[in-house]
Protein chains: 2
Amino acid sequence: MNAIQEIFLKMFSRFPEEAIIQFANAFSEKKLKKGDFLLQEGQICRDLVFILNGNMMCYYLKDGKRYIDEFSLDYEFITDYTSFIYQSTTDKYIECLEDCVIYTLSYERMNALYDLPHQPFDRLGRMMAEQIYLQWHEKSKSLLMDDATERYLKLINKRPYLSQRVPQYLIAEYLGIAPESLSRIRKSLTNTKV
Amino acid sequence: MNAIQEIFLKMFSRFPEEAIIQFANAFSEKKLKKGDFLLQEGQICRDLVFILNGNMMCYYLKDGKRYIDEFSLDYEFITDYTSFIYQSTTDKYIECLEDCVIYTLSYERMNALYDLPHQPFDRLGRMMAEQIYLQWHEKSKSLLMDDATERYLKLINKRPYLSQRVPQYLIAEYLGIAPESLSRIRKSLTNTKV
DNA sequence: CCCGTTCATTGATGTAGGTTAAGAAGGGGG
DNA sequence: CCCCCTTCTTAACCTACATCAATGAACGGG
């Protein structure tokens with residue numbers, strides 16, 4: 001039993017064991033260095049990626065400004081789902097913030113799994129898509145309704161380890177504010193807390 | 001062949017015809033009046049809803065302010081997917097902006113479909129979830145990267161009929177800005193256009 | 001036809017967060 | 001040990017959008 005099999009069995013414990021083993025075995029291990037790109041604008045996202053350990057961020061560039069879409073760390077998936085599903089060119093960058101050990105599943109292998117007799121992996125795919133939808137709906141809602149301070153508090157509450165692994169100016173870019181603004185927000189929070 | 005069967009056959013033309021007929025037949029017709037609520041805060045979302053014709057909006061209330069999550073018109077689905085999937089209480093309101101004829105599919109019937117032998121509807125569910133994810137990811141991206149003018153232009157470009165069916169102050173609330181700001185944005189657009 | 005209501009516009013002013021610029025604090029490599 | 005480089009902070013000023021208040025336009029009912 002290898003590492004990724006064990007992890008997936010725990011993560012997808014509601015699914016039949018043989019199916020999950022089959023799923024895990026479809027992935028291949030790769031290693032990336034800090035600063036390496038998993039994906040760059042203009043490319044097509046070929047793989048669904050599971051991070052065994054490491055730290056990556058996705059971002060877009062617009063008018064020379066960087067907008068961070070998400071951070072993915074140990075035991076999380078990362079991909080450009082849009083580019084992956086449609087095999088269309090991406091406008092996203094995925095860059096390693098630390099050395100990473102990843103497991104990749106190509107579009108072809110994923111579809112081969114989906115198209116097995118009786119489509120045993122569609123439910124897994126459905127549930128993963130439902131999860132990722134919920135996540136992004138929540139994020140939209142927060143961007144619409146919450147000010148920067150609230151968004152920051154929610155983030156450090158939900159993913160407290162992020163501030164250990166990601167510099168503050170990147171967290172600011174993720175929140176959609178300037179690094180200077182996050183600094184001010186943090187200052188005003190410590191003031192009101194004391 | 002009834003109306004919804006025909007519509008679904010066209011919408012889901014990549015799926016086997018019998019499956020789509022079965023899916024369509026699981027829905028029940030209902031009628032709602034302008035001002036009626038399909039869902040209110042504290043309730044549990046029991047149904048996935050397809051709008052045959054009509055016009056609804058979803059919104060949240062926070063500190064007495066309304067934030068519009070989406071508009072759904074003829075031939076579109078609407079639900080609180082989060083509350084629907086988990087059968088958890090919602091913080092969302094869904095209100096009719098016009099009289100509506102809708103088709104509803106209850107959580108129980110949906111799951112009965114999912115759990116049929118060989119799970120023939122998981123692929124449909126997966127693709128719907130993938131679609132809805134893409135939509136909300138796009139929206140998050142726009143909220144993060146685009147200013148109000150750009151968000152407005154994208155909206156009227158993507159859904160030009162909306163401004164015929166939805167008053168301007170609701171469009172402003174959807175964009176996350178004050179009605180007065182939208183008025184000013186529109187003014188500045190006509191000026192630069194001429 | 002008038003009147004009340006609803007919606008859009010406009011102007012004045014307030015505020016969150018952006019921009020620019022500078023300095024301070026840490027930390028790894030020569 | 002020092003230097004450079006990265007990161008964080010602070011301050012002054014700027015901009016986009018919010019808020020408040022008033023006016024105007026459209027519309028539907030009595």
Inset, instruction - If you link ILVMFWY side chains whenever their heavy atoms are less than 4.5 Å apart, which other residues fall into the same cluster as B/I78? By chain and number, please. - result: B/L32, B/L38, B/L39, B/V49, B/I51, B/M56, B/I94, B/I102

Inset, instruction - Determine whether the side chains of A/Y59 and A/E95 contain a donor N or O and an acceptor N or O closer than 3.5 Å. - result: yes

Inset, instruction - Could you tell me whether A/E138 and A/K154 make a salt bridge, using a distance below 4.0 angstrom between a side-chain N and a carboxylate O? - result: no

Legend entry - Heavy atoms of other groups near B/E17 CD, more than 12 under 6.0 Å: no

Legend entry - side-chain N/O A/K187 vs D/dT9 OP1/OP2, d < 4.0 Å: no

Legend entry - A/D47 and A/S106: side chain donor to acceptor below 3.5 Å: no

Inset, instruction - Note down the inter-axis angle between the two ends of the helix from C/dC1-D/dG30 to C/dG30-D/dC1, five pairs each, to the nearest 10°. - result: 30°

Inset, instruction - Would you mind reading off the distance between B/E173 atom CD and D/dT19 atom P, rounded to a whole angstrom? - result: 11 Å

Inset, instruction - State whether A/Q168 places a side-chain N or O below 4.0 Å from either non-bridging phosphate oxygen (OP1 or OP2) of D/dT6. - result: no

Legend entry - Nearest-angstrom distance from the residue atom OH of B/Y169 to C1' of C/dT10: 20 Å

Legend entry - B/R186 CZ - D/dA25 C1' separation (whole Å): 14 Å

Legend entry - Pair A/F77 and A/F50, ring centroids less than 6.0 Å apart: yes

Legend entry - Output field: ring centroids B/F8/B/F23 closer than 6.0 Å: yes

Inset, instruction - Return the value, rounded to whole Å, for the distance between atom NZ of A/K34 and atom P of D/dT6. - result: 11 Å

Report, one pair per line, the protein and nucleotides 16-19 of chain C atoms (nitrogen or oxygen only) whose separation is under 3.5 Å.
residue	atom	partner	partner atom	Å
C/dG17	OP1	A/A148	N	2.8
C/dG18	OP1	A/G176	O	3.3
C/dG18	OP1	A/A178	N	3.3
C/dG18	OP2	A/A178	N	2.8
C/dG18	OP2	A/S181	OG	2.4
C/dG18	N7	A/R184	NH2	2.9
C/dG18	O6	A/R184	NH1	3.0
C/dG18	O6	A/R184	NH2	3.3

Legend entry - Cation over ring face, A/K141 and B/Y60, 6.0 Å, 45°: yes

Legend entry - Aromatic A/Y93 / basic A/R66 pairing, under 6.0 angstrom, 45° off normal: no

Legend entry - Of the listed nucleotides D/dC8, C/dT9, C/dC7, the one nearest the side chain of A/P167: D/dC8

Inset, instruction - May I have the distance from B/L143 (atom CG) to D/dC17 (atom C1'), rounded to whole angstrom? - result: 15 Å

